[in-house]
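Input: a single structure, listed below in structure tokens.
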Amino acid sequence: MEPAAAALLSGLWESVLSANLERNPQEARLRAAWQSEHASSEKLSKICLANHYNFVMMRDTMSRTPRFVRVGGLLPLIACACFMFPAANHSALAQAVTEQPIVVTGEEVPSAYGAPPGLSRSRFSNTTQAYVLPPWAFFFGEIYEGQGFRHGPPDHLFTQEIEMGLPYRFGVAAEAKFERFNGGGGAETVSLEARWALADWNKIPLNPTLFAEYKFGVGTIRHEEVPPPPGGGEEEEEGGPPKVPDAYEFRLLLAQEFGGRFEWAMNWFFEKENTGDRGREWGFSQSVMTPIFLPNERLKVGLEMEYKNVTTKDTRGDPLNSFVIGPTVAWKPTAQTRLDISPLFGCTDDSPIADVFVVFSWLFGGERAEAEAPVSTRFRYYSDVAYARSGKDSGKEMKQVAYVPPCPQWYGDREWNVNLWGTYAFTNTEFAPNPSLVDIVQSTSEGNPVLGTYDRYIGGDHAWGGGGDIKYFFCRYAGLGVEGFALDAHKPGFDIFEDQAVPIFVHRRINHNHTVGAVLGTLTLRYPIPCTRFAPYAWAGVGAIFGGGERDTLHTQGPPDAFAVNAQTEHFGSETKVLGQFGAGLEFRIARHFGWTNDLSFGVIDGPKNNFGMFRSGLNFAF
């Protein structure tokens with residue numbers, strides 16, 4: 001082929017192509033991008049163009065047809081062939097990109113072994129629990145329950161609960177319950193709980209979980225759930241109301257998600273008291289909830305109900321049947337916190353008129369656990385736009401994966417801790433002093449004083465106070481420190497003077513207001529859970545307690561008759577005693593050098609009827 005003819009044909013091709021690109025700017029941009037990104041395809045296209053050119057020249061020589069007419073007819077085919085190569089290459093690249101996992105960053109919601117976030121919080125609703133927590137996640141809840149009855153004053157129950165998720169679908173928890181009824185109140189029970197899920201989520205229908213709880217009675221019975229039968233039942237124990245008995249409880253927890261939007265949970269339970277009237281309770285509770293309006297399941301509404309069959313050893317054949325039902329609302333102000341409100345209404349004669357629950361809960365930890373999107377988006381899939389341009393398998397599904405941040409360190413290997421806290425102390429002795437001063441004189445004159453029951457050191461059944469401690473952790477897991485606290489305590493007393501020679505009989509009640517203080521040396525052991533802000537800890541200490549222990553002693557002379565003896569009260573001041581204290585708690589680091597602590601401890605004082613417990617909550621500063 002002549003060089004002049006080849007040059008002429010090449011110039012003609014460039015002029016035609018330039019004119020076409022001027023008429024279509026979008027095609028010009030595409031060609032420019034194609035030329036810069038796909039050089040290899042361009043070279044292949046030029047080879048193709050050369051082959052077509054040779055073919056055209058041979059056809060031109062054989063047929064003697066004007067060459068420009070023949071080439072002009074083949075120009076559209078040549079252009080299509082040239083543009084097909086970069087298009088095919090772009091499609092292949094798009095397919096490779098689409099096969100990569102798509103990472104969607106957003107709000108993390110910990111998932112327990114594949115369970116939906118709403119069923120991974122331990123407490124599904126106010127009356128129903130479900131499944132287990134993710135490993136090393138912590139659930140903290142403040143629970144209020146108010147019951148209104150057809151007759152008598154309402155009953156108010158306050159419960160504080162903390163639970164920790166463990167590997168292999170286990171979980172443990174501790175719970176403290178307080179009661180306020182008819183003007184009196186105090187601690188009622190302290191509970192220890194454990195649960196175990198039989199399999200990962202959705203491996204077994206209804207995802208069964210086994211639950212066991214043991215309740216330690218630490219207060220007095222202020223409101224009988226089942227009133228004693230007429231003319232029967234136990235008489236009130238000498239010195240005051242009976243103590244809350246220990247009890248055990250078993251539950252079967254069931255939970256399931258339906259249709260991707262509805263979450264359901266059901267609990268079957270059985271509880272038995274060990275002593276006292278040996279109350280027995282069984283029944284079920286269930287709830288169903290669905291998210292509405294707000295994104296990320298921030299608002300849920302639903303329905304819940306609870307049925308209880310309660311008997312005592314004297315009423316086995318005549319059980320109390322209680323059934324309450326009503327709406328429930330759950331609102332999440334943040335990703336970790338939730339507020340649940342459930343006004344339930346009684347449907348039987350034995351039910352309370354209203355049973356209102358308000359629960360504020362906080363879910364911590366589990367930062368390294370696998371995260372999942374909320375129910376409303378959990379099965380939403382995404383397709384790569386570039387892959388869709390290929391025209392093939394544009395509906396290929398990509399599961400959404402949440403981004404997991406790197407693991408920070410919240411606790412130091414060597415650090416000073418300064419902890420300031422408030423405290424509530426409760427005694428381990430029933431508070432029921434003898435209300436009759438004349439009976440105190442009579443019983444003392446008979447040689448057997450009846451003073452009633454009350455704590456011999458702190459005095460009343462509770463006291464409020466505060467304190468602090470300084471600790472140095474010489475390694476990550478152990479530290480030595482000094483602790484001190486003060487309690488605003490009150491102790492009942494009396495002042496009796498009787499002289500038959502005058503005659504005079506003076507008797508009045510008094511109240512010893514005093515401050516009880518203590519100083520102890522402590523050893524603390526802690527375990528900062530990896531990749532979380534939490535560190536459970538336990539400590540023990542030995543020291544001295546002072547400022548309490550006042551007592552009043554009555555001396556009598558004469559016959560065993562309250563109105564014929566000489567009597568005089570002797571007052572004894574405070575005394576210092578040895579104190580041993582041990583307890584356990586949990587710290588949450590809000591920041592690297594700032595944390596929140598909560599714990600429960602027991603103090604043992606030399607002598608009978610002196611022991612007490614303490615709830616502490618405060619702020620810890622780490623340096």
Side-chain angles (χ1 to χ4, degrees), residues 110 112-113 120-122 132-141 160-176 190-196 336 362-370 404-421 468-483 520-542 580-602 614-623:
Y113 308 99
S120 301
R121 295 182 63 91
S122 172
V132 291
L133 290 175
W136 310 121
F138 290 83
F139 174 89
F140 175 78
Q160 187 178 61
E161 177 184 11
I162 185 167
E163 181 172 351
M164 178 175 67
L166 297 174
Y168 305 106
R169 304 183 304 276
F170 279 97
V172 293
E175 186 178 284
V190 175
S191 307
L192 298 177
E193 306 172 358
R195 67 175 70 187
W196 177 60
Q336 287 79 29
W362 200 345
L363 187 64
F364 302 104
E367 296 179 12
R368 300 293 294 179
E370 179 184 356
V404 179
C407 178
Q409 295 294 326
W410 298 100
Y411 297 85
D413 292 332
R414 290 179 176 85
E415 63 180 18
W416 286 92
N417 282 192
V418 178
N419 195 4
L420 302 176
W421 34 265
D469 58 76
I470 300 176
K471 298 185 290 287
Y472 175 69
F473 284 89
F474 51 86
C475 70
R476 190 175 183 83
Y477 305 105
L480 297 174
V482 178
E483 171 193 323
L520 304 93
T522 62
L523 169 65
T524 303
L525 303 177
R526 72 179 182 185
Y527 177 69
I529 299 175
C531 300
T532 74
R533 300 170 184 256
F534 291 91
Y537 59 89
W539 89 99
V542 177
Q581 193 175 26
F582 59 93
L586 182 69
E587 179 178 0
F588 171 73
R589 284 289 170 92
I590 301 172
R592 172 62 181 84
H593 302 287
F594 180 63
W596 178 33
T597 59
N598 288 277
D599 55 52
L600 171 65
S601 63
F602 292 93
M614 290 180 65
F615 288 105
R616 309 189 309 180
S617 181
L619 300 177
N620 185 39
F621 302 90
F623 305 96

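Computation of the quantities below employed the complete heavy-atom set of this structure, encompassing side-chain atoms and omitting hydrogens, waters and symmetry-equivalent molecules.
- In this pair, Phe582 and Phe602 present their aromatic rings tilted. The plane angle is within the 30 to 60° band.
- Partners of Ala478 under the side-chain contact (heavy atoms from CB on, under 4.5 Å) rule, at least two apart in sequence or in another chain, are Phe474, Cys475, Leu525.
- Partners of Gln160 under the side-chain hydrogen bond (donor to acceptor under 3.5 Å, both in side chains) rule, at least two apart in sequence or in another chain, are Glu142.
- Contact detail for Leu192 and Ala174: the closest heavy-atom pair is CD2-CB, 4.2 Å.
- Looking at residues two or more places apart in sequence or on another chain, you find a salt bridge (Lys or Arg N to Asp or Glu O under 4.0 Å) between Arg195 and Glu163.
- Residues meeting the side-chain contact (heavy atoms from CB on, under 4.5 Å) test with Ile590, sequence neighbours left out: Phe588, Phe594, Trp596.
- Contact check for Trp136 versus Pro530: no side-chain heavy atoms found under the 4.5 Å cut-off.
- By the side-chain hydrogen bond (donor to acceptor under 3.5 Å, both in side chains) test, Thr524 pairs with no residue at all, sequence neighbours left out.
- The two atoms that bring Phe139 and Ser122 nearest to each other are CG-CB, 4.4 Å, heavy atoms only.
- Tyr537 is linked by a side-chain hydrogen bond (donor to acceptor under 3.5 Å, both in side chains) to Asp599, counting only residues two or more places apart in sequence or in another chain.
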task = Could you go through the side-chain contact (heavy atoms from CB on, under 4.5 Å) check for Arg169 and Tyr113 one step at a time?
result = CA-CA 8 Å; Arg169 304 183 304 276; Tyr113 308 99; 3.7 Å; yes
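- Legend: residues meeting ring-ring contact (aromatic ring centres under 6.0 Å, His included) with Tyr472, ordered by chain and number and at least two apart, are Trp416.
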inquiry  = Applying side-chain contact (heavy atoms from CB on, under 4.5 Å) to Asp469 and Val482, what does each step give before you reach the verdict?
reply    = CA-CA 6 Å; Asp469 58 76; Val482 178; over 6 Å; no
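- Scored by the side-chain hydrogen bond (donor to acceptor under 3.5 Å, both in side chains) test, Glu587 finds Arg589, Asn620 as partners (sequence neighbours excluded).
- Considering only residues two or more places apart in sequence or on other chains, Glu193 meets the salt bridge (Lys or Arg N to Asp or Glu O under 4.0 Å) condition with none of them.
- A side-chain donor-acceptor contact under 3.5 Å links His593 to the backbone of Ala622.
- Between atom CG of residue Leu480 and atom CD1 of residue Ile470 there is a gap of 13.5 Å, rounded to the nearest 0.5 Å.
- Taking the side chain as every heavy atom from C-beta outward, Phe473 and Asn417 approach each other to under 4.5 Å.
- If you take CZ on Phe621 and CG on Asn419, they are separated by 8.5 Å, rounding to the nearest 0.5 Å.
- Contact record, Trp410 with Thr532: CD1-O, 3.1 Å, taken as the closest heavy-atom pair.
- Summarising the geometry of Thr522 relative to Glu483, their closest heavy-atom pair is CG2-OE1, 3.8 Å, with the distance given to 0.1 Å.
- Atom CE in Met164 sits 5.0 Å away from atom CZ in Phe138 (nearest 0.5 Å).
- Heavy-atom minimum distance, Asn598 versus Ser617: OD1-OG, 2.9 Å.
- With sequence neighbours excluded, the residues that form a side-chain contact (heavy atoms from CB on, under 4.5 Å) with Ser601 are Trp539, Gln581, Met614.
- With sequence neighbours excluded, the residues that form a side-chain contact (heavy atoms from CB on, under 4.5 Å) with Pro528 are Tyr411, Arg476, Tyr477, Arg526, Ala535.
- Among all heavy-atom pairs drawn from Pro134 and Ala112, the shortest one is N-CB, 3.7 Å.
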